[in-house]
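Written out below as C-alpha coordinates is the structure these notes cover.
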Amino acid sequence: MLDDTYFMRQALAEAQKAFDKDEVPVGAVVVANNRIIARAHNLVETLNDVTAHAEMQAITAAANVLGGKYLTNCTLYVTIEPCPMCAAALGWSQISRIVYGAGDEKRGYSRLAAGVLHPKTTASYGVLAEECATLMKHFFEKKR
(Lines give C-alpha, C1' and ligand atoms only; values in the text may rest on other atoms or scores of the structure.)
Protein backbone atom coordinates (compact mmCIF):
# COMPACT_ATOMS: atom_id res chain seq x y z
CA MET A 1 0.00 0.00 0.00
CA LEU A 2 1.36 3.40 -0.98
CA ASP A 3 0.87 5.57 2.08
CA ASP A 4 2.92 8.10 4.06
CA THR A 5 4.94 5.33 5.69
CA TYR A 6 5.83 3.80 2.32
CA PHE A 7 7.00 7.12 0.89
CA MET A 8 8.92 8.03 4.05
CA ARG A 9 10.75 4.70 3.77
CA GLN A 10 11.79 5.80 0.27
CA ALA A 11 13.07 9.07 1.72
CA LEU A 12 14.95 7.09 4.38
CA ALA A 13 16.61 5.06 1.63
CA GLU A 14 17.83 8.35 0.16
CA ALA A 15 19.06 9.46 3.58
CA GLN A 16 21.04 6.23 3.84
CA LYS A 17 22.72 7.08 0.52
CA ALA A 18 23.76 10.43 2.01
CA PHE A 19 25.03 8.67 5.16
CA ASP A 20 27.09 6.29 3.02
CA LYS A 21 28.67 9.30 1.25
CA ASP A 22 29.50 10.95 4.58
CA GLU A 23 26.84 13.59 3.96
CA VAL A 24 24.39 14.67 6.65
CA PRO A 25 21.77 11.92 6.21
CA VAL A 26 18.69 13.70 4.95
CA GLY A 27 16.64 12.17 2.16
CA ALA A 28 13.60 13.35 0.25
CA VAL A 29 11.12 12.20 -2.36
CA VAL A 30 8.46 14.16 -4.22
CA VAL A 31 5.22 12.36 -5.01
CA ALA A 32 2.60 13.32 -7.59
CA ASN A 33 -0.47 11.19 -8.27
CA ASN A 34 0.81 8.51 -5.89
CA ARG A 35 4.04 8.17 -7.92
CA ILE A 36 7.56 9.23 -6.98
CA ILE A 37 8.71 11.84 -9.47
CA ALA A 38 11.93 12.88 -7.71
CA ARG A 39 14.41 11.35 -5.27
CA ALA A 40 17.22 13.24 -3.60
CA HIS A 41 19.59 13.37 -0.66
CA ASN A 42 22.02 15.88 0.77
CA LEU A 43 24.94 16.64 -1.51
CA VAL A 44 26.44 19.60 0.34
CA GLU A 45 29.90 18.05 0.75
CA THR A 46 29.91 16.29 -2.62
CA LEU A 47 29.05 19.46 -4.53
CA ASN A 48 30.77 21.84 -2.11
CA ASP A 49 27.50 23.79 -2.10
CA VAL A 50 25.74 24.88 1.09
CA THR A 51 22.42 24.98 -0.77
CA ALA A 52 22.58 21.34 -1.93
CA HIS A 53 20.14 20.10 0.71
CA ALA A 54 17.95 17.11 -0.10
CA GLU A 55 14.85 19.28 -0.38
CA MET A 56 16.49 21.70 -2.81
CA GLN A 57 17.70 18.83 -4.98
CA ALA A 58 14.22 17.27 -4.90
CA ILE A 59 12.49 20.54 -5.83
CA THR A 60 14.73 20.96 -8.87
CA ALA A 61 14.33 17.36 -10.00
CA ALA A 62 10.54 17.43 -9.59
CA ALA A 63 10.23 20.73 -11.46
CA ASN A 64 12.22 19.24 -14.32
CA VAL A 65 9.90 16.22 -14.46
CA LEU A 66 6.80 18.40 -14.39
CA GLY A 67 8.16 20.97 -16.82
CA GLY A 68 7.41 23.92 -14.55
CA LYS A 69 8.41 25.59 -11.33
CA TYR A 70 5.27 24.91 -9.30
CA LEU A 71 4.76 21.70 -7.36
CA THR A 72 1.06 22.06 -6.73
CA ASN A 73 -0.62 18.70 -6.19
CA CYS A 74 2.69 17.25 -4.99
CA THR A 75 3.87 16.01 -1.61
CA LEU A 76 7.44 16.20 -0.34
CA TYR A 77 8.50 13.47 2.08
CA VAL A 78 11.68 14.38 3.92
CA THR A 79 13.36 12.61 6.81
CA ILE A 80 14.17 15.71 8.88
CA GLU A 81 12.23 18.95 9.27
CA PRO A 82 13.28 21.42 6.56
CA CYS A 83 15.49 24.34 7.47
CA PRO A 84 14.24 27.88 6.76
CA MET A 85 16.05 28.00 3.40
CA CYS A 86 14.41 24.81 2.19
CA ALA A 87 11.03 25.75 3.64
CA ALA A 88 11.16 29.08 1.80
CA ALA A 89 12.01 27.32 -1.47
CA LEU A 90 9.14 24.90 -0.84
CA GLY A 91 6.90 27.90 -0.25
CA TRP A 92 7.92 29.44 -3.56
CA SER A 93 7.27 26.11 -5.27
CA GLN A 94 3.71 26.17 -3.93
CA ILE A 95 3.99 22.52 -2.96
CA SER A 96 0.69 21.22 -1.63
CA ARG A 97 1.96 19.09 1.23
CA ILE A 98 5.10 18.43 3.25
CA VAL A 99 5.55 15.35 5.44
CA TYR A 100 8.67 15.13 7.56
CA GLY A 101 9.88 12.44 9.89
CA ALA A 102 11.80 13.96 12.78
CA GLY A 103 11.73 17.57 13.90
CA ASP A 104 14.82 19.74 14.09
CA GLU A 105 14.77 21.71 17.33
CA LYS A 106 17.87 23.74 16.43
CA ARG A 107 17.43 24.61 12.75
CA GLY A 108 13.90 23.61 11.77
CA TYR A 109 11.68 26.09 9.97
CA SER A 110 8.78 25.70 12.44
CA ARG A 111 10.87 27.33 15.16
CA LEU A 112 12.83 29.82 13.07
CA ALA A 113 10.50 30.77 10.22
CA ALA A 114 7.04 29.36 10.88
CA GLY A 115 5.23 31.56 8.33
CA VAL A 116 7.49 30.83 5.37
CA LEU A 117 5.42 28.10 3.68
CA HIS A 118 2.82 28.90 1.03
CA PRO A 119 -0.57 29.56 2.68
CA LYS A 120 -2.11 26.53 0.95
CA THR A 121 0.69 24.14 1.93
CA THR A 122 -0.09 21.66 4.68
CA ALA A 123 2.65 20.15 6.81
CA SER A 124 2.66 17.11 9.05
CA TYR A 125 5.37 15.26 10.88
CA GLY A 126 6.18 12.18 12.91
CA VAL A 127 6.08 9.53 10.17
CA LEU A 128 8.89 7.10 11.06
CA ALA A 129 10.28 9.86 13.30
CA GLU A 130 12.33 7.48 15.43
CA GLU A 131 14.03 5.88 12.44
CA CYS A 132 14.73 9.25 10.86
CA ALA A 133 16.18 10.66 14.10
CA THR A 134 18.24 7.53 14.77
CA LEU A 135 20.04 7.73 11.43
CA MET A 136 20.92 11.37 12.11
CA LYS A 137 22.07 10.54 15.64
CA HIS A 138 24.33 7.73 14.37
CA PHE A 139 25.86 10.04 11.79
CA PHE A 140 26.84 12.65 14.36
CA GLU A 141 28.06 10.04 16.86
CA LYS A 142 30.37 8.77 14.14
CA LYS A 143 31.72 12.31 13.65
CA ARG A 144 32.66 12.78 17.31
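Heads up: numbering here begins at 1 and tracks the sequence.
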Do you know which two heavy atoms are closest between [X] and [Y], and how far apart they sit?
X	Y	result
A87	P82	N-CB, 4.1 Å
A89	M56	CB-SD, 3.5 Å
A62	A38	N-CB, 3.6 Å
A18	P25	CB-CA, 3.9 Å
A11	Y77	CB-O, 3.7 Å
M8	V78	CE-O, 3.5 Å

Looking at [Y], is its backbone amide N or carbonyl O close enough to the side chain of [X] to form a donor-acceptor pair, meaning the two atoms are under 3.5 Å apart?
X	Y	answer
D3	T5	yes
E81	S110	yes
D49	V44	no
E23	T46	yes
T121	I95	yes
T79	G27	yes

Note, [X] side chain near [Y] side chain (heavy atom, < 4.5 Å):
X	Y	result
I37	C74	yes
K120	Q94	no
Q57	I59	no
D22	E45	no

Determine, using the 4.5 Å side-chain heavy-atom cutoff (strictly less than), whether [X] and [Y] are members of one ILVMFWY cluster.
X	Y	answer
Y6	L128	yes
V24	V50	no
Y70	L66	no

Rounded to the nearest 0.5 Å, what separates atom [atom1] in [X] from atom [atom2] in [Y]?
X	Y	atom1	atom2	result
F19	E14	CZ	CD	15.5 Å
L90	W92	CG	CH2	13.0 Å
T122	L117	OG1	CG	9.5 Å
Y100	C132	OH	SG	11.5 Å
L76	C86	CG	SG	9.0 Å

Does [X] have more than 12 heavy atoms from other residues, nucleotides or ligands lying within 6.0 Å of its [atom1]?
X	atom1	value
D20	CG	yes
K106	NZ	no
N34	CG	yes

### Task
Would you check, one step at a time, whether the test side chain to side chain contact (heavy atoms under 4.5 Å, CB included) holds for M136 with I80?
CA-CA 9 Å; M136 187 69 79; I80 303 295; 3.3 Å; yes

### Task
Going by the side-chain hydrogen bond (donor to acceptor under 3.5 Å, both in side chains) test, name the single residue among K21, H53, Q16 that passes it with H41.
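Exactly one candidate clears the test, K21.
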
### Query
Where do R97 and S124 land on the side chain to side chain contact (heavy atoms under 4.5 Å, CB included) test, with the steps shown first?
CA-CA 8 Å; R97 184 171 176 240; S124 59; 4.0 Å; yes

### Query
Would you call D104-R111 a salt bridge at under 4.0 Å N-O?
no

### Message
Between E131 and R9 (salt bridge meaning N to carboxylate O under 4.0 Å), is one present in this structure?
### Response
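Judged by the 4.0 Å cut-off on N to carboxylate O distance, E131 and R9 do form a salt bridge.
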
### Query
Hey, which of K137, K143, E141 is the one that makes side chain to side chain contact (heavy atoms under 4.5 Å, CB included) with F139?
K143

### Task
Among V30, V31, L12, find the residue that satisfies the side chain to side chain contact (heavy atoms under 4.5 Å, CB included) test when tested with F7.
V31

